Asker: 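This is the structure I want to talk about, given as C-alpha cells.
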Amino acid sequence: MIDEAFFARDAETVARALIGATLLVDGVGGVIVETEAYDREDPASHSFRGETPRNGAMFGPPGRAYVYRSYGMHWCFNVVCGPGPTGAAVLLRAIEPAAGLDAMRERRGLSDARLLCAGPGRLCQALGVTRAHDGLPLSAPPFRLLASDGPTAVLAGPRIGITKGVETPWRFALAGSRFLSRPLREPCVGSDGRTQRGGLPGGRNLDPIPDLNRSNRLDRKDPR
DNA sequence: ACCCAGATCATCT
DNA sequence: GATGATCTGGGTG
C-alpha cells in the first residue's frame, strides 16, 4: 500500500513513481500508465495564481484527491503532492483497465478496453470519479492505491492540452503501453535519463492508435 | 490519417 | 464575456 510519505515529494517525482501503481475506486480501476505533474511555479498549473475555491484541495495536505471539471463536461482527477501544502499535484491521464471492466463499459458506453480510461476525462467517467471525491484522502475508501509489482520503464515528454509551460517535459508514460491517451512523441526521455527513440525495441511508435492522434495546438509546429 | 466543430459550465477577467 | 490540464462524431483525402 502506498503511504503518506509517497506523496510528500515534488510533483515530478510522484508523477514518475505513480506509473505502474494500481488505482481502484470502489473496486474499479487498473494500472496507472500516464500522468502529468503540475506545481506552484508552473504557469500551466491551476495553483499558479494562488488558492481559489476550486483548487483548494491542491493547497491542502498531500495524498488527497483534487477533482475539477474540465471544459464544462468532464472531470479530471489529481493527487495532491508535497512536501506540505505546496499547491502541487499529479494529473492521472490514463489507466490500463484491470478490475471492474463491466462497470467501466457501462459508464462509458463502450466495450473497447483501450478506450475506457485513455484520457483524464474518460478515466474519471470509467471510475466514477466526480466532485464528490474532491479532497478525499487516497488512503481510505473508496480509494485503494497499490504500489507497482516490479520495475517500470517510464518515458517523459511534453504535456498535453496546455497553452503555457508547453516546454516542460512533465508528462510521464509507461513505455510501450497501448492504453495511453495519445502516443508519446519523440524524442522521449527514458527513466535512465537518456533519450530514446521509438520507445521500444523494434517498435515504431509507442501507441499508434488510429484516429487518436488528432489535431491539437501542440501538433501544429510553426511551419515557418 | 488528418481536420474541424460542437457540447457545456465553473472560473476568472 | 472569454477561456480551458477534454472528448466525440462527422467530414475529407
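Quick caveat, the model's predicted, so the values are computed rather than measured.
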Asker: Identify which nucleotide among C/dT8, B/dC12, B/dT8 has an atom closest to any side-chain atom of A/Thr52, counting heavy atoms from C-beta outward.
Answerer: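 Among C/dT8, B/dC12, B/dT8, the one nearest the side chain of A/Thr52 is B/dC12.
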Asker: Any idea which of C/dA5, C/dT6, C/dT8 is nearest the A/Arg122 side chain?
Answerer: C/dT8
Asker: Please state the P separation for the pair C/dT3 and B/dA5 - nearest whole angstrom.
Answerer: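 Nearest-Å result for C/dT3 against B/dA5 at atom P: 16 Å.
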Asker: Can you figure out which of C/dA5, C/dT8, C/dC7 approaches the side chain of A/His74 most closely?
Answerer: C/dC7
Asker: Between B/dT11, C/dG4, C/dT6, which nucleotide gets closest to the side-chain atoms of A/Cys76?
Answerer: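 Closest of the options to the side chain of A/Cys76: C/dT6.
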Asker: Is A/Tyr38 stacked on the base of C/dA5, with ring centres under 5.5 Å apart and planes under 30° apart?
Answerer: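 Base of C/dA5: stacked against A/Tyr38.
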Asker: Given C/dT6, B/dT13, C/dT8, identify the nucleotide with an atom nearest to the side chain of A/Leu110.
Answerer: C/dT8
Asker: Are A/Arg16 and A/Asp10 close enough for a salt bridge, meaning some N to O gap below 4.0 Å?
Answerer: no
Asker: Looking at every heavy atom in both A/Gly84 and A/Pro62, which two are closest together, and how far apart are they?
Answerer: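 Minimum heavy-atom separation between A/Gly84 and A/Pro62: O-CG, 3.7 Å.
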Asker: Quick one: look up who C/dA5 pairs with, Watson-Crick or G-U, both distances under 3.5 Å, and put none if it's unpaired.
Answerer: none
Asker: Mind checking the P distance from B/dG6 to C/dA2? Whole angstroms is fine.
Answerer: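 After rounding to an integer number of Å, I get 16 Å for this pair.
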Asker: For the side chain of A/Arg131, counting heavy atoms from C-beta on, which of B/dA7, C/dT6, B/dT11 is nearest?
Answerer: B/dT11
